[in-house]
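These notes are about the structure you will find just below.
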Amino acid sequence: MANEKNRVIIFDTTMRDGEQSPGASMSLEEKIQISRIFDELGVDIIEAGFPIASPGDYEAVKEISKILKNSIPCGLSRHTKKDIDACHEALKAAPRFRIHTFISTSPLHMKHKLNKSPEQVIESIKEHVTYARKFTDDIEWSFEDGTRTDMDFMCKTVELAINCGAKTINIPDTVGYSVPSEFKKIIETLINKVPNIDKAILSTHCHNDLGLAVANSLAGVSAGARQIECTINGIGERAGNAALEEIVMAIKTRNDLMPFKTGINTELLSKASKVVSNATGFPVQFNKAIVGKNAFAHESGIHQDGMLKHKNTYEIMTPESVGVKQTSLVMGKHSGRHAFKEKLNDLGYMGITDDIIQIAFGKFKVLADKKKHVYDEDIAALVDDSLIKEDNVINLKSLKVFAGTGEPQRADMTLEVYGEVKKATETGDGPVDAIFKCVKKLYSHDVNLKLYQVHAVTEGTDAQATVSVRIEENGKTTVGQAADTDTLVASANAYLNALNKMIIKRKRTSPEEYEQQKMKGI
């Protein structure tokens, strides 16, 4: 790996640094599942844990080191022989393994955390990197709080660590303090001032406290670093780490500016993200780059229209490239007529007239203003409703319902019946009874109500209600359905829908009877 000039090594620390996120602890079984996926994903180095931290961490590193086929397992240790011994014991079953040891080097950390002088830190590096080298030639050394470390002292410690056997030198932006231009300069300075730097690979380990972890990592690579430490979904302490999926896809997508390569099978990124999210219980934010639910979803009508004409108009990578099945045109209040028509085709509504599409689209826009999520079932209900109303004799113009305790329920209704607008007010044994009485007063009829049923089309308190009504007249039966976020409006429309179907049946089966009733206004 080290001989390939533009090859960037991916060092994943999801199960070590990522697990240090409060509440993100993973079981042994979950870590094994994750490690298998990372191995398949093409992660070069898997930091499986901090063996000395707990018996559980030790066991996880030990078991993971046994099952990896391609990735190299790694354990973290402080500058103590006890830590290094624990790493070795946990990793020794693997044919290849890495020990990653670290110590703080910033003035702030040396004084307040370690209570050590710079000279004592130098001696510790000499002692512990040399000791770790006894167990493997794959030693990584990190200077904690690297971006707040004095540059001359940094160069001195890096040169010493390499002389003591470190093959990888990691520069951590432990508290997410750096910015890309500064981080790039640190890498360039090490390359230019450390005489034996050619004997080691420089690595980045950036935290996201300022939202710059990925940018800093890529700046480091552009300056000469050839390993990036990162985590799936960017999980980690505080604001998290550089996100593996973002780094890999940035390199792949902008290879014109970053002519590097990784060994990651990007089509498994979405799968890896879901597995880590399930194991940690940390949901992935909807607008998370690459693996978020909305990463390949488009609601804006302008964007949807562009996507339908040419996908590259609004997508810089394909969803398939990261393991997502397809682009999602999310139907919402910002969606346009083009996307709505395409959605109807997907739902099987072929050959619908432009008039019906326009009517249904208008209703869709009204519904989308009321609901956060418009589902396929919502759209189907709207279209069915529009198709039925093409031949309607009776149409609901307005409805007000007064309901509650202590007073009779009342409905004020306005209907258009054979083109004539009529109004009525009725009370009833409940709001639905009052509504149906209004209908009967405004359009005199004698039918038997056989079924009245309500169910939600979709989940949530803002769900559309679909109401089904079945009526019977002289042996003829019709069923009416309607959907609305207002159950009472849906009830009125469903009843009128059933009546309209009954009138159409009369027209088709008994034209003379239909004309007589029409003359009477019934």
Side-chain angles (χ1 to χ4, degrees), residues 355-356 358-360 362-363 366-367 370 381-404 407-454 464-474 476-522:
D355 287 346
I356 294 300
Q358 192 59 41
I359 292 168
K363 293 177 182 176
V366 172
L367 176 64
K370 298 178 182 178
L382 291 175
V383 177
D384 289 342
D385 200 31
S386 299
L387 286 168
I388 289 164
K389 287 191 174 182
E390 200 172 16
D391 296 313
N392 278 356
V393 167
I394 312 168
N395 291 294
L396 179 66
K397 305 300 288 182
S398 69
L399 174 66
K400 290 182 180 180
V401 179
F402 303 87
E407 294 183 11
Q409 282 71 46
R410 187 178 91 244
D412 292 347
M413 178 179 285
T414 303
L415 295 182
E416 181 185 336
V417 183
Y418 290 109
E420 182 184 352
V421 176
K422 299 181 176 183
K423 297 181 180 181
T425 298
E426 289 289 329
T427 59
D429 186 14
V432 175
D433 185 47
I435 289 169
F436 289 2
K437 282 182 177 179
C438 279
V439 174
K440 191 162 188 176
K441 184 174 182 179
L442 295 173
Y443 176 78
S444 181
H445 60 277
D446 188 17
V447 300
N448 296 315
L449 180 63
K450 295 294 186 180
L451 172 73
Y452 170 77
Q453 190 174 60
V454 182
Q464 277 201 106
T466 290
V467 177
S468 298
V469 170
R470 185 168 70 242
I471 58 175
E472 183 268 333
E473 179 188 64
N474 299 327
K476 300 184 183 77
T477 302
T478 58
V479 176
Q481 284 190 327
D484 199 278
T485 51
D486 188 321
T487 306
L488 296 177
V489 172
S491 299
N493 279 324
Y495 191 73
L496 293 174
N497 180 220
L499 276 177
N500 278 308
K501 286 182 177 179
M502 187 64 74
I503 293 167
I504 292 168
K505 274 195 174 184
R506 290 177 192 159
K507 182 179 180 180
R508 292 173 179 170
T509 59
S510 307
E512 292 182 2
E513 180 186 352
Y514 167 78
E515 289 299 331
Q516 290 174 359
Q517 291 173 331
K518 182 177 179 182
M519 292 291 292
K520 296 177 182 177
I522 61 172

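Keep in mind the model is a prediction, meaning the values are calculated, not measured.
- When side chains are defined from C-beta on, Asn497 does not count as touching Val469, because their heavy atoms never get closer than 4.5 Å.
- With Tyr495 as reference, Leu449 is the one residue of Leu449, Leu396, Ile435 to meet the side chain to side chain contact (heavy atoms under 4.5 Å, CB included) rule.
- For the pair Gln409 and Ala434, the tightest heavy-atom approach, listed with the atom from each and the gap, is O-CB, 3.9 Å.
- Note that the NZ atom of Lys397 and the NZ atom of Lys423 stand 11.5 Å from one another [nearest 0.5 Å].
- In terms of heavy atoms, Cys438 sits closest to Ala411 at SG-O, 3.3 Å.
- Counting all heavy atoms, side chain and backbone alike, Ala490 lies closest to Ala465 at CB-O, 3.8 Å.
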(request) Assess whether side chain to side chain contact (heavy atoms under 4.5 Å, CB included) is satisfied between Gln453 and Val467, documenting all intermediate values. (result) CA-CA 6 Å; Gln453 190 174 60; Val467 177; over 6 Å; no
(message) What verdict does the side-chain hydrogen bond (donor to acceptor under 3.5 Å, both in side chains) test give for Tyr452 and Ser468, after you've listed the backbone C-alpha separation in whole Å, the side-chain angles of each residue and the deciding distance to 0.1 Å?
(response) CA-CA 6 Å; Tyr452 170 77; Ser468 298; over 6 Å; no
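- The side chain to side chain contact (heavy atoms under 4.5 Å, CB included) with Ile394 is formed by just one residue from the set Leu415, Leu442, Val439; it is Leu415.
- One finds the OG1 atom of Thr466 at 9.5 Å from the CG atom of Asp484 (value rounded to the nearest 0.5 Å).
- For Asn448, the side chain to side chain contact (heavy atoms under 4.5 Å, CB included) criterion is met by Lys450, Glu472, not counting sequence neighbours.
- Side-chain N or O atoms of Asn500 include one that pairs as donor or acceptor with a backbone N or O of Leu496 at under 3.5 Å.
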Could you go through residues 424-433 and list every donor-acceptor pair under 3.5 Å that involves a side-chain atom there, pairing it with any protein atom two or more places apart or in another chain?
unit_1: Thr425; atom_1: OG1; unit_2: Asp412; atom_2: OD1; d: 2.8
unit_1: Glu426; atom_1: OE2; unit_2: Lys441; atom_2: NZ; d: 3.4
unit_1: Asp433; atom_1: OD2; unit_2: Asp429; atom_2: N; d: 2.8

